[in-house]
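For reference, the structure discussed in these notes is given below.
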Amino acid sequence: MLDPKLYREDPEQVRAALLRRGKGFDLDALLRLDQEKRALGAELDGLKAERNSASEAIAQLKRSGGDAAAAIEKTRSLGNRIKEIQDKADAAEENWRSLALLCPNLPHASVPDGKSSADNKVVKTWGEIPSAEKSFPDHLEIGAKLKLFDFERGAKISGRGFPIYTGMGARLERALINFFLDFHVASGFTEISPPQLVSRASMTGTGQLPKFEEDMYRCGDDDLFLVPTAEVPVTNMHAGEILDAASLPLSYCAYTACFRREAGSWGADTRGFLRLHQFDKVEMVKFSLPEKSYGELEKLREQGEELLRRLELPYRVLELCTGDLGFGAAKCYDLEVWAPAEKKWLEVSSCSNFEDFQARRADIRAKIQGKPLFVHTLNGSGLATPRILVAFLENHYTEKGTVRLPTVLRPYFGGLEEIGPP
RNA sequence: GGAAGGGUGGCCGAGAGGUUUAAGGCGUCGGUCUCGAAAACCGAUUUACGGGAAACCGUAACGUGGGUUCAAAUCCCACCUCUUCCGCCA
């Protein structure tokens with residue numbers, strides 16, 4: 001949610017910033033609703049002030065033993081008038097809020113202009129990309145040979161997009177999750193194991209709702225949502241709190257399964273592990289002082305990059321352009337790994353600074369110089385496993401028909417150096 | 001799932017329709033005293049929205065949302081949540 005003062009005081013600047021994103025948002029409607037809400041609020045406050053002083057007069061009259069019946073009768077109609085305006089004011093407030101929740105965040109000034117993912121800026125590339133001539137077995141073929149996963153049976157149980165990991169595949173999945181968490185904890189992050197079903201309020205706090213409800217799995221009887229990312233429960237841990245400024249930045253990491261309906265996104269990149277309804281991810285979440293948040297964003301990105309280097313996977317870093325920026329993000333880096341058989345870059349992490357966009361929705365503040373101010377929230381995948389698995393198998397497949405394990409993963413396999421056929 | 005009892009400021013805790021401007025205590029900050037500190041004493045100590053150049057003024061908030069009333073922390077209803085007990089259960 002945007003700070004209303006921004007568009008009240010300088011609507012043209014907000015309009016220009018929103019326009020950089022490309023997608024239309026009706027700022028004029030928001031301004032109109034804001035105006036309406038404030039006008040009714042002022043009228044209501046005046047009427048209530050009138051009633052308060054009338055009530056006080058009645059109290060005094062009664063205390064001194066006088067007859068208040070006439071005064072009470074006179075004040076009664078004021079009550080009806082207040083109720084009427086109150087209803088209008090409530091409706092105006094609700095209209096304003098519904099629209100305000102649909103307004104995306106403003107991009108940071110440093111974010112490059114652009115219309116789509118084609119305009120994202122490559123800021124860094126690491127590792128060696130094999131020549132395009134050379135052909136590689138893809139992850140499905142490797143997985144089949146080594147019996148690492150079973151898509152058919154997964155589909156039988158739940159439908160497509162719900163893979164089963166089997167044998168060494170399951171172990172590799174678990175090893176990756178543990179490696180990620182262990183690395184973050186060693187770097188000073190606090191590990192969280194959060195609820196994986198969350199309330200509507202939590203989903204609204206981080207910005208998944210109300211706009212993206214059709215992409216979420218919902219348990220209707222209880223109005224709970226399966227988490228699409230650990231960002232939701234971990235960020236909302238501090239909803240409604242005033243944090244100790246001295247404790248910032250707070251750095252958390254959490255593993256959860258992630259559930260996404262991916263409504264409307266079928267058709268492209270849906271083979272194998274490339275797009276799933278359920279997948280595993282370790283997420284990093286930070287709460288920062290406003291003036292420190294962009295420094296924290298760089299650190300978050302570096303934290304993700306280090307995982308990729310240790311897994312010995314070639315990767316690149318993209319700075320997303322204004323047109324590709326997520327709904328709540330002010331600035332975002334994507335990490336992509338190279339999959340040699342797919343001959344594609346695969347997104348495995350998104351590191352975003354939301355500034356106070358989520359903090360405003362979820363009411364997360366810190367007392368800064370005596371004043372409670374909204375903190376900045378950040379999050380980044382560190383990392384999501386399915387596409388890591390694709391790149392991992394394709395990059396580390398050996399001529400012997402085995403998958404070589406980088407040294408950092410070997411402790412999770414009792415020292416084993418490679419994964420062979422069962 | 002059933003029963004009972006709770007939810008009040010940063011914290012503890014009183015208040016049971018109008019002298020609440022939420023007592024009292026703790027904590028925190030400032031001051032007096034002191035070489036300095038402690039103690040004691042004095043004072044201050046929520047937030048949001050609206051108006052105003054400012055001083056300040058108005059409104060709201062006692063778990064949440066409704067209702068009754070001229071007037072609600074206080075009465076009524078629903079819900080959330082905590083504690084205890086019972087039932088079920090990994």
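In what follows, chains carry the letters A, B, and so on, assigned in the order in which the sequence lines appear, proteins first and then strands, with residues in each chain numbered from 1.
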Expressed as a whole number of Å, how far does the [atom1] atom of [N] sit from that of [M]?
N	M	atom1	answer
U74(B)	A61(B)	C1'	16 Å
A73(B)	U21(B)	P	10 Å
U68(B)	C76(B)	C1'	7 Å
A60(B)	G2(B)	C1'	39 Å
G10(B)	U45(B)	C1'	10 Å
A48(B)	G31(B)	C1'	31 Å
A40(B)	U34(B)	C1'	12 Å
A53(B)	C62(B)	P	32 Å

Compare every heavy atom of [Y] with every heavy atom of [X], then report the nearest pair and how far apart it is.
X	Y	value
A359(A)	V375(A)	CB-O, 3.2 Å
E283(A)	E231(A)	CG-N, 3.8 Å
E347(A)	R387(A)	O-NH1, 2.9 Å

Checklist entry - If only side-chain N and O atoms of R365(A) are considered, is one of them under 4.0 Å from the OP1 or OP2 phosphate oxygen of U47(B)? => result no
Could you tell me the Watson-Crick or G-U partner of [N], where both distances fall under 3.5 Å? Say none if there is no partner.
N	answer
A39(B)	none
C75(B)	G67(B)
C11(B)	G25(B)
A61(B)	U46(B)
C56(B)	G51(B)
G5(B)	C82(B)

Starting at [atom1] of [X] and ending at [atom2] of [N], how long is that distance when rounded to a whole Å?
X	N	atom1	atom2	result
D34(A)	A48(B)	CG	P	17 Å
E9(A)	G50(B)	CD	P	10 Å
L40(A)	C49(B)	CG	P	18 Å
K37(A)	G50(B)	NZ	C1'	10 Å
K48(A)	C49(B)	NZ	P	16 Å
E43(A)	C49(B)	CD	C1'	16 Å
L224(A)	C79(B)	CG	C1'	15 Å
E50(A)	A60(B)	CD	P	13 Å

* Asked: Hey, which of these two, E56(A) or A42(A), hits RNA chain B nearer its 5' end, going by closest nucleotide?
  ->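 Its nucleotide being nearer the 5' end, the pick is E56(A).
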Have T398(A) and E418(A) got a donor and an acceptor in their side chains that come within less than 3.5 Å?
no
- Message: Looking only at the side chains, is there a donor atom on one of T166(A) and D150(A) sitting less than 3.5 Å from an acceptor on the other?
- Response: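 Not at all, the side chains of T166(A) and D150(A) share no donor-acceptor pair under 3.5 Å.
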ring-ring contact (aromatic ring centres under 6.0 Å, His included) with F273(A): of F279(A), F162(A), F392(A), Y165(A), only one passes, and it is Y165(A)
Side-chain ion pair, D119(A) and K115(A), N-O less than 4.0 Å
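Answer for the salt bridge query: no.
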Between N or O atoms, less than 3.5 Å apart, protein on one side and nucleotides 69-72 of chain B on the other: list the pairs.
residue : atom : partner : partner atom : Å
C70(B)  : OP1  : R76(A)  : NE           : 2.9
C70(B)  : OP1  : R76(A)  : NH2          : 2.5
A71(B)  : OP1  : R51(A)  : NH1          : 3.3
A71(B)  : O4'  : S55(A)  : OG           : 3.1

If you apply the rule side-chain hydrogen bond (donor to acceptor under 3.5 Å, both in side chains), what do you find for E298(A) with Y333(A), and how did you get there?
CA-CA 9 Å; E298(A) 298 303 314; Y333(A) 293 108; 2.7 Å; yes
Rounded to the nearest 0.5 angstrom, the CZ-CD distance for R301(A) and E305(A) is 5.0 Å
